[in-house]
Protein chains: 2
Amino acid sequence: MLKAAAARKIEEAFEHAGVRRTPQRFFVLEHLLTRPDHATVEELWTALNKRHARASRATVYNTLHALVQAGLIREFTLDGKAARYDANLEQHHHFVCDRCGAVEDVEWFDVPAAQGAGNVRTYEVILRGECSRCR
Amino acid sequence: MLKAAAARKIEEAFEHAGVRRTPQRFFVLEHLLTRPDHATVEELWTALNKRHARASRATVYNTLHALVQAGLIREFTLDGKAARYDANLEQHHHFVCDRCGAVEDVEWFDVPAAQGAGNVRTYEVILRGECSRCR
DNA sequence: CTTAAATTAGAAACAGTTCTAAGATGGCGG
DNA sequence: CCGCCATCTTAGAACTGTTTCTAATTTAAG
């Protein structure tokens, strides 16, 4: 996809969701859409400051909350303490690296055994091992 | 199982693991063994204080670390921030209640699709829905 | 232009966990 | 049964990392 086209998509997403478009918000959403690394606030803030020197943490939090409310991204927590954000809205599982803690998406597959167990609304498989980079 | 017999089991576990037996440690392990509620430190501390008025949080932490090291319990974190402790050492999955946050064990079942995906060492299914109590 | 809404820096709140120094105690050897 | 001493417990302060708040300033968009 051309870069300009991707940018257009992001703008449309903002417009459609009724969220005001600011450079900071654009950057955050773009980062989440182009990198599947499930960034934490800390990571996004650091990345943002490489371009936008002097961004406030509060802005990152505000932006993420706005994007979650608009349904453009999802928040989740895994093991640790810091919330992580995911722009992949498709159903999927997660792979967590034992060594570096990186989180990768794993394409969805059904787990028939999971459905049977009572009042299950959703489920997810957490896979653990060493990621390709750490090996 | 008779209560006395259960108590004997716990004492044997301490002895075998070379962990000194104290009333606080006994209580914590007993609590984890008899209730499958995956208590947090906060919960254990509250429960402990109902009997042992004036127990220190540090003791709960020390005890849990000692029990983990001895291999008598396992630590894990789910969503939130606080660590949870589990005396069920068998492999199993977890069911989390959307409403009250309770965590229940779910008997193990294999997920063949999970094994295939790369360098997976372990995996676990997290099921979500409403627990029987909340319905 | 106007104005409601967003951004900023930094302080403050918050939760979970660890640390400290003083006092208590389990379990062994005698 | 007794005393010793390494180990454990205690209370509360301190620490760590995450998130929210504040009040002043800037900015997007009609």
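Residue numbering restarts at 1 for every chain, and letters A, B, ... go by the order of the sequence lines. Because the structure is a prediction, the values reported are computed rather than measured.
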Between [X] and [N], does any side-chain N or O lie under 4.0 Å from OP1 or OP2?
X      : N       : answer
T59(A) : dT8(C)  : yes
R57(B) : dG12(D) : no
Y61(A) : dT19(D) : yes
R21(B) : dG27(C) : no
H65(A) : dT19(D) : no

Take the protein atom [atom1] of [X] and the nucleotide atom [atom2] of [N], then report the distance between them rounded to whole Å.
X      : N       : atom1 : atom2 : result
D79(A) : dG17(D) : CG    : P     : 17 Å
E75(B) : dG16(C) : CD    : P     : 14 Å
L78(B) : dG16(C) : CG    : C1'   : 17 Å
W45(A) : dG17(D) : CH2   : C1'   : 13 Å
L64(B) : dG16(C) : CG    : C1'   : 13 Å
R20(A) : dT7(C)  : CZ    : C1'   : 11 Å
F26(B) : dT9(D)  : CZ    : P     : 14 Å
N49(B) : dT9(D)  : CG    : P     : 14 Å

| query | Which sits closer to the 5' end of DNA chain D, V19(B) or S56(B), going by the nucleotide each is nearest to? | reply |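 On the 5' side of the pair lies V19(B).
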Picking from [options], which would you name as closest to the side chain of [X]?
X      : options                   : result
R54(B) : dA4(C), dA11(D), dA9(C)   : dA11(D)
K81(A) : dT19(D), dG17(D), dG27(C) : dG17(D)
A58(B) : dT9(D), dA11(D), dG27(C)  : dA11(D)
N62(B) : dA4(C), dG26(C), dT9(D)   : dT9(D)

Counting the atoms with a prime plus P, OP1 and OP2 as sugar-phosphate, which does [X] contact under 4.0 Å by heavy atoms, base, sugar-phosphate, or nothing?
X      : result
A55(A) : sugar-phosphate
Q24(B) : sugar-phosphate
H52(B) : nothing

| Are L127(A) and V111(A) connected in a single hydrophobic cluster, I mean Ile/Leu/Val/Met/Phe/Trp/Tyr linked by side-chain heavy atoms less than 4.5 Å apart? |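 Hydrophobic grouping puts V111(A) with L127(A).
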| On DNA chain C, nearest-nucleotide positions of A82(B) versus T22(B): which is more 5'? |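 Residue closer to the 5' terminus by nearest nucleotide: A82(B).
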| said: Closer than 4.0 angstrom, basic N to acidic O: yes or no for R8(A) and E11(A)? | reply: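 Here R8(A) pairs with E11(A) in a salt bridge, since their nearest N and O are under 4.0 Å apart.
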| message | Ring centroids only, cut at 6.0 angstrom: are Y123(A) and W108(A) within range, meaning strictly under it? | response |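 For Y123(A) and W108(A), the ring centres are under 6.0 Å apart.
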| Hey, is CD on Q69(A) packed in by over 12 heavy atoms from elsewhere, all under 6.0 Å? |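 12 or below, so no.
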| said: Can you classify the ring geometry of H38(A) versus F76(A) as parallel (below 30°), tilted (30 to 60°) or perpendicular (above 60°)? | reply: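 H38(A) and F76(A): perpendicular rings.
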| said: Between H94(A) and E124(A), is there a side-chain donor-acceptor contact under 3.5 Å, judged purely by atom types and distance? | reply: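 Yes - a donor-acceptor pair under 3.5 Å links their side chains.
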